[in-house]
Amino acid sequence: MTIEAKTNFAAVSRLAADFDLDAEGKAHGFVRVPHSVHRSAYGWIPIPIFRIKNGKGPSVVMQAGNHGDEWEGQIGLGDLIRSLKPSHIQGKLIILPSANFPAAMSGTRTSPIDQGNLNRSFPGDPDGTITEQIAFWIEQHLLKGADYGFDFHSGGSSLSYIPSALAPGVPDPAWRKKAVELMKAFGAPVSYIAAAPQGGGRTFTSAAYRQGVFAMGTELGGGGLVTPTTIKIAADGMRRVLKHVGLYKGKVTPATPTRLMEIGGDDYYIYASDGGVFEPLVDLGTEVKKGQPAARIHFHDTPWRAPALLRFKRAGLVLCKRVPARCERGDCLFHLATDIAG
Ligand SMILES: [Zn+2]
């Protein structure tokens, strides 16, 4: 292949759904990701995908399994797939319940194929790694042209959250206002604007913003497990946001008021200063003061050395806490959130 011919392939995804994503009615199948490996020379990775469409109305994309070890979204979207009928909706809904399918099948945050973190891979690359190819397809073929995008996360194996909805702190006030309305409709105990997003333009919600799609994410729990409470928040919230955007015509439970908060800069985060054993000194949901002790790190390799004491750098609500005790320098142990008007 010449360099010129290669250039002509640029920006053309090799991924494709095996059914029509724009047709009327209800259908399911797979997005095929070509993947030639020892076991399967001409094989493809099957990412489950679902479409339901009934006439004119909003076009909505719902996704989970962006990180493979976050389960409420994957379970909740599976339930929606099985229960929704075309007569229940007006418009089009595409559901991608396990977006980074190789990661979901291994129960890990990142892909076992290329170690790719899908939510740090947008805008993606049609000629890149498997994870970059998936990101490119999602942004160019699912989000582009949609009206709303939802990305259901939890804390994963290493973090635990007070169940939350979230939106990135984008410059456009109209987009931000819409995101706050979506979060209020979802009705998690906390809704927050991430003023300094970890992803830096490489996340699903920032891809949505780039494509002019109103979007919202969640952090529904964590620790690599699910609870009856977090499953119910996901299931009820998914239906409420679909009702809110005018797609779902069925009955929904009323949203409970959400606490509107924000996460600002570095002073909201506590990182491990050393490798060792993380001992939290506060629980999730604690209201802390500036200077309050946050954690001790014990040096089990040199137990005669005094543990390191870490303190909160500002006041706030403990929204997120690390799960495993063993930590390395630089691991996130906590982050706070603070109230905003709205
Ligand atoms: Zn996640």
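Every number for a ligand or one of its atoms is a count from 1 in the order of the listing.
- Ring pair H335/Y269: centre-to-centre distance below 6.0 Å.
- Ring geometry for Y209 against W175 counts as perpendicular: the plane angle is over 60°, on a 0 to 90° scale with 30° as the lower cut.
- Residues N117 and H67 have side chains that bring a donor and an acceptor to within less than 3.5 angstrom of each other.
- Across every non-hydrogen atom of W71 and A104, the tightest pair is CH2-O, 3.6 Å.
- Between the side chains of S98 and Q74, at least one donor-acceptor pair of N or O atoms lies under 3.5 Å.
- At least one side-chain heavy atom of R239 sits less than 4.5 Å from a side-chain heavy atom of L80.
- Protein N/O/S atoms found under 2.8 Å from the Zn ion (ligand 1): H67 ND1, E70 OE1, E70 OE2, H153 ND1.
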